[in-house]
Amino acid sequence: MSPLRKTEGGCEVFSSDMCVIGGCGRVGLPLAIAFANKGLNVLIYDLDRNRMETVRNGVMPFLEEGCEEKLGRVINKSLKLIDDPASISQSKFLIVAIGTPLEEHLNPIYAGMRKSFQALLPYLAEGQFIILRSTVYPGTTQKLNEFLKENGAQVHLAFCPERIVEGKALAELESLPQIVSAFDDQTVQVASDLFRVLTKDIVVLEPIEAELAKLITNAWRYITFAAANQFFMLADKHGLDYRRIYQGVSYKYPRIQDLPKPGFAAGPCLFKDTMQMAAFSDNTFFLGHAAMLINEGLPNYIIQRLKEKVDLRDKSVGILGMSFKASSDDERDSLSFKLKRLLTMQAKTVYCTDPYVSRDYFVTAEELVEKSDIIIVATPHAQYRRLSIAKDKLVVDIWDFYRK
Ligand SMILES: NC(=O)c1ccc[n+]([C@@H]2O[C@H](COP(=O)([O-])OP(=O)(O)OC[C@H]3O[C@@H](n4cnc5c(N)ncnc54)[C@H](O)[C@@H]3O)[C@@H](O)[C@H]2O)c1
């Protein structure tokens, strides 16, 4: 029997422990796999039919360390996929892990989440616990709670944000403390008990504090990357070797060990959540906007520096790596694509390659190295270490990937 299952008057109230809505996504799927491997009966509901089919066959639709093996152990046993949303009423917990993108003016969109909750309404069962897992704009949980009440849904709502780093989800679900928030003590207690199945550390906050805490997690990381990129550009512009300075300043000096190395800071969360914080500050989050200008400006900086050295118009440029970070197949908001768009306007030809992401116009890494006059290491995938690059090629390596 599942570690959570309790009976009321001898009858099981819900036939499954949880249903993960958006359960084939990068947040939802590792979470569903983690709970199912702990013996909970988990359902997955997702609008993406292709991803549903892939997962049903025991295959991960994206890279995530250790997930495929653990998926294989539970699929069609303690982990099942449902096509009919009516089946969500069987679960005690509904975990909502759907995407929360920004609109074109970089503001959060409450309407998207409300629409998803509206779609769930007909299938909600009395006494269910809804756990909002997506990263949301502060105040969203409160609004959704009011929305549920106005529509007569007799359910309990909690906000328990996801803080894993992509690629390490399974390990971090069990090693990171879990922030839990809700509007009453019973819901806090029940949600905490659920997450104690994964981690012993629970941190209780008010919903709006938890929403802001999650944004701060990502905005802080984004700002530290921006600091590193700003220092790099500053030194580099003066013709100085930033790596020597970095090594010098960080050698046995404790108060700078957390300074990251320069590189593209992108992906589906850091930029988005920094902009959510900017919206929450009525666009007075100057530090966040400065970080955005610095991080998003790094591709432009690379091109400017190249133009000081060569005439790009008759040069072929190759971009090594198109996913947003090394060893990942996630291309969302990758700065490599921004670099490509900028270069397409200025260079003779632009070649792209990636071992994990594909497009019909991509070439192999070997072909790219062969055909390009200039090679930019945009995403430092380990596979590129093996490449042999002729001495006459100009290599732009902001990550210091190739330096011994
Ligand atoms: N990716 C990360 O590392 C990460 C980390 C922490 C938090 N988050 C947050 O988690 C949320 C989800 O991000 P993600 O990266 O997993 O996104 P994703 O796009 O990989 O996954 C979302 C999934 O939800 C499905 N979906 C969308 N609307 C649905 C609906 N109404 N009903 C059922 N399924 C629906 C989509 O088909 C998709 O499979 C976002 O708010 C994000 O900011 C992401």
Side-chain angles (χ1 to χ4, degrees), residues 18-34 43-56 60-65 67 81-88 91 94-103 108-124 130-138 140-141 144 159-173 176 178-179 210-211 213-222 265-277 323-325 327-334:
M18 73 170 61
C19 179
V20 184
I21 319 284
C24 290
R26 294 198 183 244
V27 159
L29 186 52
L31 187 68
I33 292 172
L43 303 176
I44 282 179
Y45 175 68
D46 199 294
L47 294 180
D48 187 326
R49 297 282 143 186
N50 291 334
R51 277 187 171 185
M52 288 274 281
E53 243 359 84
T54 308
V55 176
R56 197 172 265 132
M60 285 294 291
F62 46 81
L63 290 176
E64 187 58 64
E65 213 171 282
C67 265
L81 290 96
I82 54 166
D83 296 311
D84 181 0
S87 307
I88 68 171
S91 301
L94 300 181
I95 302 210
V96 178
I98 64 177
T100 47
L102 302 171
E103 44 89 295
I109 320 170
Y110 171 66
M113 191 53 85
R114 197 192 52 205
K115 200 168 151 214
S116 301
F117 270 61
Q118 178 92 51
L120 295 179
L121 275 179
Y123 313 114
L124 297 180
I130 304 183
I131 298 198
L132 189 53
R133 190 76 170 157
S134 307
T135 306
V136 294
Y137 181 73
T140 301
T141 312
L144 289 171
F159 172 66
C160 306
E162 180 60 85
R163 293 193 294 167
I164 52 106
V165 66
E166 268 186 39
K168 303 277 178 214
L170 283 186
E172 291 205 345
L173 281 168
L176 295 181
Q178 176 62 51
I179 294 176
E211 291 165 332
K214 169 62 202 184
L215 295 187
I216 288 172
T217 311
N218 281 352
W220 169 244
R221 201 160 145 77
Y222 195 60
C269 292
L270 300 188
F271 172 90
K272 165 177 79 78
D273 295 340
T274 306
M275 291 305 102
Q276 294 211 71
M277 261 191 89
S323 62
F324 89 84
K325 66 174 181 177
S327 308
S328 168
D329 60 353
D330 195 345
E331 62 187 82
R332 292 177 296 173
D333 293 331
S334 166

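Here the structure is a predicted model, which is why all the values come from computation and not from measurement. Just follow the structure's listing: the first ligand is 1, and inside any ligand the first atom is 1.
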Hey, is [X] touching ligand 1 through its side chain, its backbone, both or neither, going by heavy atoms under 4.0 Å?
{"X": "Lys115", "answer": "neither"}
{"X": "Ala169", "answer": "neither"}
{"X": "Arg163", "answer": "neither"}

I'd like the name of whichever of [options] reaches closest to [atom] through any heavy atom.
{"atom": "atom 9 (C) of ligand 1", "options": "Asn50, Val20, Val96, Thr135", "result": "Thr135"}
{"atom": "atom 42 (C) of ligand 1", "options": "Lys272, Glu162, Gln276", "result": "Lys272"}
{"atom": "atom 37 (O) of ligand 1", "options": "Leu132, Asp46, Val27, Leu47", "result": "Asp46"}
{"atom": "atom 19 (O) of ligand 1", "options": "Met52, Gln118, Arg26, Arg332", "result": "Arg332"}

State, to 0.1 Å, how close [X] and [Y] come at their nearest heavy-atom pair, and which atoms those are.
{"X": "Ala266", "Y": "Ser334", "answer": "CB-CA, 4.2 Å"}
{"X": "Val55", "Y": "Cys24", "answer": "CG2-SG, 3.8 Å"}
{"X": "Pro108", "Y": "Tyr137", "answer": "CG-CD1, 3.3 Å"}
{"X": "Leu124", "Y": "Leu94", "answer": "CD2-CD1, 3.4 Å"}
{"X": "Ser87", "Y": "Ile82", "answer": "CB-CD1, 3.7 Å"}

Who's the nearest protein heavy-atom neighbour of [atom], and how far?
{"atom": "atom 28 (N) of ligand 1", "result": "Ile98 CG2, 3.6 Å"}
{"atom": "atom 41 (O) of ligand 1", "result": "Thr100 OG1, 2.6 Å"}
{"atom": "atom 31 (N) of ligand 1", "result": "Ser116 OG, 3.5 Å"}
{"atom": "atom 3 (O) of ligand 1", "result": "Glu166 CG, 3.1 Å"}
{"atom": "atom 21 (O) of ligand 1", "result": "Gly25 CA, 3.2 Å"}

> Within the side chain of Arg163, is there an N or O that forms a donor-acceptor pair under 3.5 Å with the backbone of Lys214?
Replying inline: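 Checked: no pair found.
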>> Looking at Ser323 and Ser328, would you say the former's side chain and the latter's main chain have a donor-acceptor pair under 3.5 Å?
In response: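 Checked: pair present.
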> Can a salt bridge be assigned to the pair Arg26 and Glu64 using a cut-off of 4.0 Å between side-chain N and carboxylate O?
Replying inline: no
> Charged N to carboxylate O under 4.0 angstrom, Asp330 versus Lys325?
Replying inline: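 Salt bridge: no.
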Taking only heavy atoms of [X] into account, list the atoms of ligand 1 that are under 4.0 Å away from them.
{"X": "Asp48", "value": "37 (O)"}
{"X": "Cys269", "value": "2 (C), 4 (C), 8 (N), 43 (O), 44 (C)"}
{"X": "Lys214", "value": "6 (C), 7 (C)"}
{"X": "Ile21", "value": "32 (N), 33 (C)"}
{"X": "Gly22", "value": "23 (C), 24 (O), 25 (C), 33 (C), 34 (N)"}
{"X": "Ala97", "value": "12 (C), 22 (C)"}

>> Please confirm whether Ala119 approaches ligand 1 to less than 4.0 Å, judged on its heavy atoms.
In response: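 The answer is no, since Ala119 has no heavy atom less than 4.0 Å from ligand 1.
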> Where do Ile33 and Met60 land on the side-chain contact (heavy atoms from CB on, under 4.5 Å) test, with the steps shown first?
Replying inline: CA-CA 11 Å; Ile33 292 172; Met60 285 294 291; 3.8 Å; yes
>> Geometry only, no angles: is Asp273 polar-contacting ligand 1 at N/O separations under 3.5 Å?
In response: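 Not met; the criterion fails.
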>> Other residues, nucleotides and ligands only: do more than 12 of their heavy atoms fall within 6.0 Å of CZ on Arg221?
In response: no
> Given the rule in the side chain to side chain donor-acceptor pair (under 3.5 Å) test, do Glu211 and Thr141 qualify, once you have shown the distances and angles that lead to the verdict?
Replying inline: CA-CA 8 Å; Glu211 291 165 332; Thr141 312; 2.5 Å; yes
